[in-house]
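Below is one structure, written out as C-alpha cells, with a few remarks after it.
Numbers here simply count residues along the sequence, with the first being 1. All values reported here derive from a predicted model rather than from experimental measurement.
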Amino acid sequence: MTTATVTASFSPKRSSNGHRFEQPEETTSSVGGAMLPKFLSDLSQDLVEVTLELNDDNDEIVLCSVAPAADDVSAADGILPRSMSATSRRIRRTFGWLRSASSRTTASNSEPVEFALSAREARRLKAKLQRTRSSARRALDGLRFISRTTVGANGAEEQWKQVEARFESLADDGLLARPDFGECIGMVDSEEFAVGIFDALARRRGQNITKITKEELREFWLQISDNSFDARLQIFFDMADSNEDGRITRGGVQELIMLSASANKLSKLKEQAEEYASLIMEELDPENLGYIELWQLEALLLQRDVYINYSRPLSTASVAWSQNLSSFMPKNLFRRLSRSLQCFMLENWQRGWIILLWVIAMASLFAWKFYQYRKNRAAFLVMRYCLPVAKGAAETLKLNMALILLPVCRNTLTWLRSTRARSFIPFDDNINFHKIIAFAIAVGIIVHAGNHLTCDFPRLVNSSPEKFAPLSSDFHGTKPTYKFLLTGAEGVTGILMVILIAISFTLAARRFRRNMVRLPAPFNKLTGFNAFWYSHHLLGLVYVLLLIHGSCLYLAHKWYEKTTWMYISVPLLLYIAERSVRTCRSQHYSVKILKVSVLPGNVISLIMSKPPGFKYKSGQYIFLQCPTISPFEWHPFSITSAPGDDHLSVHIRTVGDWTQELKRVIAEGDDSTSVDHQARLVHIGNLDQRGQPRLFVDGPYGAPAQEYRNYDVLLLVGLGIGATPFISILRDLLNSTKTAEEQMDSNTETSRSEDSQNSFTSSSLTPGDKKKSQRTTNAHFYWVTREPGSFEWFKGVMDEVAEMDQKGQIELHNYLTSVYEEGDARSTLITMVQALNHAKHGVDILSGTRVRTHFARPNWKEVFTKIASKHPYSTVGVFYCGMPMLAKELKVLSHELSHKTSTRFEFHKEYF
C-alpha cells in the first residue's frame, strides 16, 4: 500500500446563470452547485492537495482527502516533479486531470470545456469523500419503489407471492402486458411511473419489449425490491437515461419530474416541469455542460437533509429538539400510578362529577318512585314488581326529557362559557351529554313501555275480582280490557310518543344523518341532514303528548302527584325563549354579500357585511339562513375573519343539498357582483351587491376553540375544511401579540390572565411558583388535506401570518396526503425540487405560500413528543376539527403524553 500526496492547481468557472446563496454556519461544505458552493469556493485557490492511497496489488486507488494546499507551498513547489516515481506515474495515468501548472494555464485559454470537466471531476471526488457511512445509511430509507403500505411487514418471499398471484390474474397466455406492470407490483395508481420503471429495466436487458414472462417479472421484481440504495438509484437514473450514455439532460430530468407529478396527481407541478428541471440543472450543473451524471443525482439525494434544512429558515417549521422525555416519567411504580391517576382526574373530573350527579339523580328518583308504588298494597298485589319498575323508569324519563333540552340551548351555553361556570362544567361535551341522555331515554322507554305492555297490563286484565276490587275506583268501577288500556288517553299518547321518538332517534343516527345509508326512491329522502333536522322538530309534538300523558294517570289523581309538568316546564320554556330570541335576532342580523371567492375543491368564500353590534370571539361559529333556498333551514359555519375585522367571512364546502343550492343561487346573481376565482386577502370597497341573495345570520355561538387563551401553547389540527376555526385564531393571536408588544414597556407584568384556573399549576408537575403569562406564547398549526388546491383557500392568510410572525411564535405545517410519503421513489424528486425552489424563491411549489408542504400524514406521536420537549411544564390546548376518525388517536396521545411528560395536553374536538 502506497500513499501519495498530489498538489494540483484548479481554476473552476461558474455558470453565468448560477444563483449564489449564503451557507448556514452550521452547514458543512457539500457537493451541491449554486446553493452549496463552499467547496468550489475553496477550489478557487491556486492549489489543492489530494491525498490518495494506491494498492500495489490491484492498482486500486482510494481517495483519502481533497483540501486546499498549505500556505507555504508555492506554485512551483506544488507542481509534480518531472522525475516521478512509479507510484506518481500510475496516479497520473489514472487521473488525467492532474497536470502541471503551466499546462493547465495553457488549457485555461484554449479549452474552457476541459476545465469545466476538471471542476466537475473535483466535485465528484468531493462527493465520493463526503458519502459517509451515516448518509448512506439514511439513504437506504429513500428511493423506495415498493411502498411500505403495499406489502406490509411480510417477508420477501411473501411479498413475491402476492406479486405472483396478481400476475396470474393479469397475464394473458403467460405474458404480462407493459401497462399492467404497475398494478402487478403494487403501484395501482402510478401507471405512468411504473411504465417508466418497466422501460428502464427492459433497456438493461437490451430489449424493447411490451410483454414479459413470469421469470422476467421475477428478475424485475428482485431489482426494484433490492435493499441497496445504489441499485435503486441506478434504476431511478436509468428511467431518464433513455439513450444509455450515462448522462441525463434537462429533458430527462423534466421527464422524471412529469412521471413523479403524474404518480402523485399533481397537475400543476406537471405543467411547470420544465421550469423545475431547469432549477435542478442549475444546481447540479454549475459548469453548464448540459447534462448530469449518476454521482450528481446521488449527491443531491444524499444531501437531502442539507437542502431541506437550508430552506427551513425561510419557512415556519419546527426547530431541533434535544430534551430527553424519559427523564420526565417517574421510575418508581407507585409514583407512576399516582401520576397516572392524577392526570386522569385532571382530565376527566369535570365530566365525572356531572355524570355522577346525573346517575345519582336518576337512581334516587327510580328508588323513590319504586318504593312509593311498592307501598301501594292494592296495586302491588295485582301487578307485583312490574308496576314499581315501570313507574320508576317513568320518573327517570321525566328527568331526562327535561335535561335533554339544556345541552342544545346554544345562547345560554355561549353565555355560560364566559362565566366561571366553565371551570367546572365541560361545555365542550354538550352534544355528547345530549346523546347520552337520549340513550338513557331509549332505555327508559323500553323498560317503562315494556313492563306496561308485557307485564302489568296482562296482570291487571287477568286479575281476579277479589284482587281488582281495591283498584276498581281508579277505573270507574269497571275492570279494563287490554284494548281499553291501549286506546285510552294514556295508551294512545304513549304509543304516539314511542313512534315519534323512534323516528327522530333513527334519523338522527350517524349513518342516516351523514347520508351513508342508501335507500331507493322515494325513501332516499329519509337520509341526510334535512331529514335529521325536520324529524327532530317532531319532538315538539312529543312534549305536548308528554304533558297530556302525564295528566291522565290511572293510579294518581291529585295534582301534586302528577309531576310531569314540574320537570319539563322550566327547560321547555327556556328552549322556547331561545328559539324566539334566535328568530328575532336573525331578522336584525341581515347581511349583504360583499365578495364571493370560488375556490378549488368545491369551496366558496363569502365576505359579508358585519351587522351593527355583532361581536364574536375567534373560534366561534354562526348559523346562516338563505330565505331564497328555505326559510326554515339554518346551517352552522365557522367564522374565519378576525374579531377586529370590519366584515364577516366564512368558507363553505359545497357537499350537501343546501350548500350546493347556495352556490347555484349566488352564481345566478348579477354579473356585476364581484366574484373572485382565486383565494387571496380581500380588500372591501366599491363592490356591487345587486342581484345577490339575502342572508340571515344567527349567533355567534360558543365552540371549544374560543377558549384558546386559557392555554400556554396551542396545537391546532384541521382536516380539510376543518381548518376554518383556526384561521381566525391565528390572525387574532398575531394581532394581539403585536398590540401587547407596543404596550409592553408601560404594562410589563401588570396583567394576568383571569382564566389561570385552567392552567397546569400542580406543584408536583411545576417547579417552584412559576406563573403563567396572560397570553398564549406559541401555536402549532397542522393542516392536513388530500387536495393540492385546498391550499388556495387560505393562501393569503398563510402568507400574512408567515410575514407578520417575526418571533416564530406560530409554526405552520401543511400536509398533503395525496402525495406519497417522503422516501418513496415517486415523491423523492418532488421533495428535492420543493427544497430547491423554497431556498431560491422562498415559495413552496405545492401551496404557493412560504409554508413548506410535507407529504403523507403526520406522525402524530412524533408531533406530540416534540411539542412536549419544546414546552416543558406547560399546558397545551389541543384543538381538533375534522372527521371523527382522527379524534380518537389525538385524544389517546394527549392522555399518554400527559402521563409521560411534564407537559399537560388537554384535548378538544369539533366535527363537521
Side-chain angles (χ1 to χ4, degrees), residues 428 529 591 593 595-608 610 616-624 634-645 647-656 658-659 662-663 676 679-682 695 697-708 714-735 779-787 789-801 810 812-815 847 849 851 877-884 886-887 890 908-912:
D428 294 349
F529 182 83
V591 298
I593 298 177
K595 190 80 171 180
V596 180
S597 297
V598 181
L599 310 177
N602 292 323
V603 171
I604 56 176
S605 171
L606 294 184
I607 308 295
M608 301 168 290
K610 192 174 183 179
Y616 63 93
K617 296 180 181 179
S618 293
Q620 292 185 328
Y621 66 96
I622 58 175
F623 278 83
L624 287 181
W634 292 86
H635 294 265
F637 301 99
S638 297
I639 304 173
T640 54
S641 53
D645 294 339
H647 63 275
L648 279 178
S649 69
V650 294
H651 286 69
I652 302 173
R653 188 162 196 173
T654 54
V655 292
W658 189 87
T659 53
L662 177 65
K663 184 177 180 180
D676 184 11
R680 61 176 180 267
L681 289 177
V682 179
L695 296 179
V697 172
D698 179 36
Y701 290 112
Q706 77 176 60
E707 307 298 336
Y708 76 92
L714 302 179
L715 173 55
L716 310 175
V717 180
L719 257 62
I721 199 66
T724 50
F726 309 131
I727 297 301
S728 178
I729 291 178
L730 295 178
R731 299 183 64 179
D732 187 43
L733 185 62
L734 279 178
N735 292 339
H780 305 261
F781 176 52
Y782 284 79
W783 186 15
V784 184
T785 182
R786 291 180 298 180
E787 303 170 1
S790 302
F791 296 125
E792 294 286 336
W793 301 347
F794 308 115
K795 181 178 178 181
V797 177
M798 290 286 193
D799 282 333
E800 184 179 5
V801 171
I810 298 177
L812 304 176
H813 303 267
N814 292 338
Y815 279 82
S847 67
T849 67
V851 183
V878 182
F879 296 94
Y880 169 73
C881 184
M883 300 295 288
L886 182 58
L890 297 181
H908 308 271
K909 65 179 181 297
E910 294 180 60
Y911 295 149
F912 55 78

Exercise. Between CD1 of Ile652 and CG of Leu599, what distance do you get to the nearest 0.5 Å?
Worked result: 11.0 Å
For this session: Taking the side chain as every heavy atom from C-beta outward, state whether Lys610 and Asp645 have any pair of such atoms under 4.5 Å apart.
Result: no
Problem set entry | Set of ring pair (Phe, Tyr, Trp, His ring centres under 6.0 Å) partners for Tyr708, sequence neighbours left out | none
For this session: Answer yes or no: is there a side-chain heavy-atom contact under 4.5 Å between Pro600 and Glu787?
Result: no
Exercise. If you round to the nearest 0.5 Å, how far is NE2 of His651 from OG of Ser641?
Worked result: 10.0 Å
Exercise. Just wondering, do Leu624 and His635 contact through their side chains at under 4.5 Å, heavy atoms?
Worked result: no
For this session: Decide side chain to side chain contact (heavy atoms under 4.5 Å, CB included) for Leu890 and Lys909; before the verdict, give the C-alpha distance in whole Å, the side-chain angles of both, and the deciding distance to 0.1 Å.
Result: CA-CA 10 Å; Leu890 297 181; Lys909 65 179 181 297; over 6 Å; no
Problem set entry | Euclidean distance, Ile810 CD1 relative to His780 NE2, rounded to 0.5 Å | 10.5 Å
Seminar exercise, completed: Smallest heavy-atom separation, Trp634 atom then Val697 atom, equals CZ3-C, 4.1 Å
Exercise. Which heavy atom of Ile639 sits nearest a heavy atom of Pro700, and at what distance?
Worked result: CD1-CB, 4.5 Å
Exercise. When the ring planes of Tyr782 and His813 are compared, do they come out parallel, tilted or perpendicular, using 30° and 60° as the limits?
Worked result: parallel
For this session: Taking the side chain as every heavy atom from C-beta outward, state whether Tyr880 and Leu719 have any pair of such atoms under 4.5 Å apart.
Result: yes
Problem set entry | Residues Leu648, Tyr616; criterion side chain to side chain contact (heavy atoms under 4.5 Å, CB included); working and verdict | CA-CA 10 Å; Leu648 279 178; Tyr616 63 93; 3.5 Å; yes
For this session: Decide yes or no for Phe794 and Asn814: does some side-chain heavy atom of the first lie under 4.5 Å from some side-chain heavy atom of the second?
Result: no
For this session: In sequence, state the C-alpha distance, the side-chain angles, and the governing distance for Ser605 and Val603, and then conclude on side chain to side chain contact (heavy atoms under 4.5 Å, CB included).
Result: CA-CA 7 Å; Ser605 171; Val603 171; 5.8 Å; no
Problem set entry | Pair Thr724, Tyr621: side-chain N/O donor-acceptor within cut-off below 3.5 Å | no
Exercise. Taking only residues two or more places apart in sequence, or in another chain, which ones meet Asp428 in a salt bridge (Lys or Arg N to Asp or Glu O under 4.0 Å)?
Worked result: Arg417
Problem set entry | Phe623 vs Tyr701, ring pair (Phe, Tyr, Trp, His ring centres under 6.0 Å): CA-CA, chis, key distance, verdict | CA-CA 9 Å; Phe623 278 83; Tyr701 290 112; 5.6 Å; yes
For this session: Please examine the side chains of Ile607 and Ile593, heavy atoms only from C-beta on, and report whether any two atoms are closer than 4.5 Å.
Result: no
For this session: Walk me through it: do Trp783 and Phe791 pass the test side chain to side chain contact (heavy atoms under 4.5 Å, CB included)?
Result: CA-CA 9 Å; Trp783 186 15; Phe791 296 125; 3.9 Å; yes
Seminar exercise, completed: In this structure, NZ of Lys617 is separated from CG of Asp732 (nearest 0.5 Å) by 11.0 Å
For this session: Give, for atom CZ of Arg653 and atom CD1 of Ile604, the distance between the pair rounded to the nearest 0.5 Å.
Result: 12.5 Å
Exercise. How far does OG of Ser638 sit from CZ of Phe726, to the nearest 0.5 angstrom?
Worked result: 8.0 Å
Problem set entry | Set of residues satisfying side-chain contact (heavy atoms from CB on, under 4.5 Å) with respect to Ser728, sequence neighbours excluded | Ser618, Pro643
For this session: Without swapping roles, check the side chain of Gln706 against the backbone of Ala703 for a donor-acceptor pair under 3.5 Å.
Result: yes
For this session: Of all the heavy-atom pairs spanning Ser790 and Thr785, show the shortest one and how long it is.
Result: OG-OG1, 2.9 Å
